[in-house]
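See below for the structure under consideration.
Just so it is clear: chains get the letters A, B, ... in the order the sequence lines come, proteins before strands, and each one is counted from 1.
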There are 2 protein chains.
Amino acid sequence: MAGRIAAVSIVDAIAADLRSRVFSGDLGSGEALTETDIATSYEVARPTAKASIEKLVAEGLLDRGTHKTARVVDLGPESVRDIYLARAYLESEVLRRLARTREIPQEAVQANRDIAASKSGTPLDVVEPDMRFHTSLIDAVANERISRMYRSLVGEVRLCMVRVQSLHLLDTELILAEHQKILELIEGGQGEAAAELLDEHLGRARERLVAAMGGTAGPEAEYPSGLVPE
Amino acid sequence: MAGRIAAVSIVDAIAADLRSRVFSGDLGSGEALTETDIATSYEVARPTAKASIEKLVAEGLLDRGTHKTARVVDLGPESVRDIYLARAYLESEVLRRLARTREIPQEAVQANRDIAASKSGTPLDVVEPDMRFHTSLIDAVANERISRMYRSLVGEVRLCMVRVQSLHLLDTELILAEHQKILELIEGGQGEAAAELLDEHLGRARERLVAAMGGTAGPEAEYPSGLVPE
DNA sequence: CATGTGTACTTGTTAGACAATCGTTGGGCG
DNA sequence: CGCCCAACGATTGTCTAACAAGTACACATG
C-alpha cells in the first residue's frame, strides 16, 4: 500500500499547510508568523500553533530565537552555497555507489521524461520533476537515513527556487541532457565521471542562483562550451 | 567564545538530561517514557515534558506513534547497517574532498592521540575520542548542513555503542592504525584510497556490531590479514 | 479457544492565566 | 536638536486544569 490513510494530527495538518504556503510563495522570506496569529487563523489553541511552528523550525523552513517571533527563513547567498554543496556531497557519493551495481532507477528515467514534457509550461513546472529526478537517485540506494537527510535539504532547495522562479536561470535542454548523461554514466559503471558531471550540474545551478540573489557568482556559473542558449 | 552561556529553556534542559541518560544506558532500549512520569519526576507541567519527548523523537533517540507511549529506540541489525552505511556515504565523500586540498584538521590528530591515551581505560573510554575523530573530519569541510546531518546520525551511533559496550568488539590498536593511515592518505592527496580504507574501517565495525546484536555478520567483519588480535 | 466488551491508562487538544523578555515609543536631559 | 533611558505593548515560555479520544490489557462471554 503506497499511501495509507492519513490520520494526521492537527499539528501535522497545520504544519503541512504552512509548509506548502511557504513553498508556494504565499509566505515570503522574512515574513513573521506569530503563534497567536496562526492560532486564530486556523482556529486552534496557541499550544497547537506553537507545536506546528516548532516543527517547521526543526525542518529549517522557519527561523526563530528564544522569545522572538518565528519568520520564514531568508536564505542568503552563503546559505545557498551551503545547501547546494551539501547536496553535492550526498548525491555525488550516491552516484558513485549506484555506478558499482550499474542500476538506474526507473523513477529517474520517468522524471526526466516529465522534464521534457514540461518544456512548454512555465519555468516553475520544471522544478518538480527536476527535484524528483534527484530524489529518486537518492532513494535508489535504499538507505532510510540518507533519504531522510536529503529530504531535509530538499525543503530548503525548493525555497531557493521559489525566490528566483520568475528568473529564467536554467536552460531546460541542458538540464535534460546532463541528467541523461548522468544516467548513462551510471549504467556504464563510470561512477567517477558521473560524480564529476553532477558537480558541474549542481555547481552551475548554485552559482547562477547566487548571482541572481545579489551575490557574486563563481566560475561554475558559466555554460559549458558550445552550449550557450539562444 | 567557544561555549557561550547556556540560557537553555526548561524543555531543552530536560531533553538534554534525557539524552545523556539514554547514552549512559540509564534508560535502556525499549524503556517506556510517559509524559506524566517525566512531568512528575522533573516537577514540570505535562506540556513541557511532552515537548522534551518530541525533541528526542525528532532526533531519532525515542520512538513513538500517535497515542502511544514514547520508548527508547530499539535498534535492530538492519538499523545498525542503515546507520553505518549512511555514515560511510557522508564520510567517504568528505574524505575525497578533503584530499583535494590535502588539509587535515588538527582536532582529528588530537582525537587520535586521545584514543591512544585511553587504551589503559575501559573499552567505553575509546568511544568518545573515536567519535570526535570522525566528527572533526566532517566539520573540516565547513558545511553547516553536512555537519548537522552527521550530528543526527551520531546520536544513533552512540546508542549502538552503549548496547555493546561490555563486548570487546574493537581492537584499539587497529582503530588507531587505520585512523592514522586515513590522515596520511588525505595528506598525500589520495582521496580514493582514503575512502576505501574508511569503508573497510566502518564496514568491519558495522558487521561486528550486527553480529553482536544477534544478526548474521557479513564478510566485512573479518580482521585484515596479519592483524588478528591476541 | 476465539471474540467482544469494558475499564484504566495515556496522549491530543483546549482554555485561560501569569511571568519573562523583546521591540518600540515617548519623555527627560545634555 | 539629538541621545539615552524608562515605560509600554506585544510576544513567547510555562503552568494549571480539564475534557476528548485513542490504546492496551484484562475480563467475561459465546
Side-chain angles (χ1 to χ4, degrees), chain A residues 1 3-22 26-74, chain B residues 1 3-22 26-74:
Chain A
M1 296 296 154
R4 218 175 332 187
I5 49 172
V8 279
S9 70
I10 296 180
V11 172
D12 289 339
I14 295 178
D17 191 63
L18 289 176
R19 188 166 26 233
S20 72
R21 286 175 62 191
V22 171
D26 183 21
L27 297 168
S29 283
E31 193 152 338
L33 288 173
T34 70
E35 297 181 355
T36 48
D37 282 355
I38 294 177
T40 55
S41 70
Y42 285 96
E43 294 181 334
V44 295
R46 190 163 70 92
T48 307
K50 182 190 183 67
S52 303
I53 290 176
E54 274 162 0
K55 251 179 115 72
L56 287 252
V57 168
E59 285 179 31
L61 262 53
L62 299 184
D63 200 8
R64 100 155 140 178
T66 49
H67 286 283
K68 283 197 290 189
T69 303
R71 293 179 176 280
V72 178
V73 288
D74 189 13
Chain B
M1 300 294 156
R4 219 176 329 187
I5 50 173
V8 278
S9 69
I10 297 180
V11 172
D12 288 339
I14 294 177
D17 191 62
L18 288 176
R19 188 168 25 235
S20 72
R21 285 175 63 189
V22 170
D26 183 20
L27 296 168
S29 283
E31 193 151 337
L33 287 173
T34 71
E35 296 181 354
T36 46
D37 282 354
I38 294 177
T40 56
S41 70
Y42 284 96
E43 294 181 335
V44 294
R46 190 164 69 90
T48 307
K50 180 190 184 67
S52 304
I53 290 176
E54 275 161 0
K55 253 179 114 70
L56 287 254
V57 169
E59 285 179 30
L61 263 52
L62 299 184
D63 201 8
R64 97 155 142 180
T66 49
H67 285 283
K68 283 198 289 189
T69 303
R71 292 178 177 282
V72 178
V73 289
D74 189 13

Between [X] ([atom1]) and [N] ([atom2]), how many Å, whole number?
{"X": "A/K55", "N": "C/dG12", "atom1": "NZ", "atom2": "C1'", "answer": "14 Å"}
{"X": "A/I53", "N": "D/dT11", "atom1": "CD1", "atom2": "C1'", "answer": "11 Å"}
{"X": "A/I10", "N": "D/dC19", "atom1": "CD1", "atom2": "C1'", "answer": "14 Å"}
{"X": "A/H67", "N": "D/dT12", "atom1": "NE2", "atom2": "P", "answer": "10 Å"}
{"X": "A/K50", "N": "C/dT13", "atom1": "NZ", "atom2": "C1'", "answer": "15 Å"}
{"X": "B/R71", "N": "C/dC9", "atom1": "CZ", "atom2": "C1'", "answer": "13 Å"}
{"X": "A/E35", "N": "C/dA15", "atom1": "CD", "atom2": "P", "answer": "15 Å"}

Expected output: side-chain B/S52 to main-chain B/V11 donor-acceptor under 3.5 Å: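 Such a contact is found between B/S52 side chain and B/V11 backbone.
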
Under-3.5 Å donor-acceptor pair between A/R46 side chain and C/dG16 base: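 By the distance-only test, no, there is no pair.
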
Touch class at under 4.0 angstrom, heavy-atom based, for A/R64 against every strand present: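 Sugar-phosphate only.
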
Test: A/E31 and A/R21 ion pair at under 4.0 Å: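 A salt bridge is absent here (no side-chain N lies under 4.0 Å from a carboxylate O).
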
Nearest-nucleotide 5' precedence on DNA chain C, B/L33 against A/E43: B/L33

Closest-nucleotide ordering on DNA chain C, the 5'-leading residue of A/P47 and A/K68: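 Upstream on the strand: A/P47.
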
A/V73 versus A/G60, closest heavy-atom pair with distance: CG1-O, 3.4 Å

Proximity to the side chain of A/S9 - top-ranked nucleotide from D/dT11, C/dT11, C/dG12: C/dG12

Euclidean distance, A/L56 CG relative to A/I38 CD1, rounded to 0.5 Å: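 Interatomic distance, A/I38 CD1 to A/L56 CG, rounded to 0.5 Å: 8.0 Å.
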
